[in-house]
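Quick caveat: nothing in here was measured; it's all calculated off a predicted structure. Counting starts at 1 for both ligands and their atoms, following the listed order. Side chains included, hydrogens not; waters and symmetry mates left out as well; all remaining heavy atoms used.
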Amino acid sequence: MTEQPTPSLSDLLDRSEANTDEATSRRSFLARASALSFMIPGVGGALAACGPGGPPARRDTGRQGTAPTNAAGGATQPHNSDSRLDSAVVHGGQQAPTTAAAGGAAAVAYHRIDPTLPPANTNGGLQLHWHAREASIRITDDTVVSAWTFEGDIPGPIVHCRVGDTVEFTLTNEVDVPHSMDFHAAQIDPKQAFRSVAKGQSVSYTFKPKYAGAFMYHCGTAPVLMHIGSGMHGALIVSPRERLAPAKEFVLVQTEFYLGDAANGVRPFDYNKMLSTLPDYLAFNGRPSQYVKEPIRVKVGDRARFWVVDAGPTHPCHFHIVGEQFDTVYLGAPPATPLRGVQTFSVPAGGGMVFELMCDIPGEFPFVNHGFGHGQKGSIGILVVEQ
Ligand SMILES: [Cu+2]
């Protein structure tokens, strides 16, 4: 009865590349592109070259419509971009990050992202000075991506504070393309605080999180789809002032990857694929299946608390743990209004929730996006409960 053979795990991990069959994805892309051109003004022109008879979507990558750096549509915007503008599609050229790794992809080492929630600072304040920068990142043994990042990685730094703390934030942009920062934990005038800044410039603002929860942050520069989808996202965890039950706490940020063909071993992000919404990979914390290779470990008797943020940019995360149930799920600010006895709950793109379970049975428990078309593409890991 206590055996946990995880019988379906090998199936879960059979991440066949056939799932991303090029012909299928292209047909899907073309169908969606056609529909999008009617639904979203301005998209038609950007997608025109990808219509029937045009070049394959994969080959367009994110450079579709790309203008030279100094003439990129986004780059010439005097400023972005409040939240309403972010939901629109920017006019003019799009430019995806195309940084070539010095020495090629072979020079880029893989590293696991530690999912452990860092301790909240205790002095009532959080001072963050981050940089928007390009980086080549190895997301699997055989895949290196060229990303826009906060502080050089996907996701950006996982940070932790408490309700009412003062967060003093500065973003300095080191990239030719304008970037910005939108903290979902902030209640603030977005037109000022979340404005884009050009290379070499900075934007600073201060806020006090009013509610506890797992909050996304992301670049809000238009087109926001491209900026989130090219790596500029992360999680700010806001704990309540009152202490929650003692637990081993972890942060999972689900991300989709839409990639073009490799150049010098490095794959660019593909904006047209982002529009098609058919990702190549998904991941918890920026590395597909990393917690299958190196599981998250707790002990029997531990309470485990997962702060789950879905950075999208498009799809939800139907969070589930095989062989377990959540005794507590907080849709909103913990510790208010807990749901009890939950098998699966969907975290929306741009949202965050808190999932808790008592680890009273030893074994290996896959935590998955139970939307398995996405789980099998990498939003999966293993929670090992040790005696
Ligand atoms: Cu950006």
**Q** Can I get a per-line list of side-chain donor-acceptor pairs under 3.5 Å for residues 318-332, giving both atom names and the distance, sequence neighbours left out?
**A**
| from | atom 1 | to | atom 2 | distance (Å) |
| --- | --- | --- | --- | --- |
| H318 | ND1 | S346 | OG | 2.5 |
| H320 | ND1 | Q343 | O | 2.8 |
| H320 | ND1 | T344 | OG1 | 3.0 |
| D327 | OD1 | R303 | NH1 | 3.0 |
| D327 | OD2 | R303 | NH1 | 3.3 |
| D327 | OD2 | R303 | NH2 | 2.9 |
| T328 | OG1 | R340 | NH1 | 2.6 |

**Q** Which pair of heavy atoms, one from A132 and one from L171, lies closest together, and at what distance?
**A** N-CD1, 3.7 Å
**Q** Assess the side chains of N369 and Q254: does a donor N or O sit below 3.5 Å from an acceptor N or O?
**A** yes
**Q** Taking all non-hydrogen atoms of both residues, which atom of G152 and which atom of A135 are closest, and how far apart?
**A** O-CB, 3.8 Å
**Q** Closer than 2.8 Å to the Cu ion (ligand 1), what protein N/O/S atoms do you find?
**A** H179 ND1, C219 SG, H227 ND1, M232 SD
**Q** How would you list, by chain and number, every residue that makes a salt bridge (charged side-chain N to carboxylate O under 4.0 Å, His left out) with E386, sequence neighbours excluded?
**A** R297, K299
**Q** Taking ring pair (Phe, Tyr, Trp, His ring centres under 6.0 Å) as the test, write out the residues that go with H111, two or more places apart.
**A** none
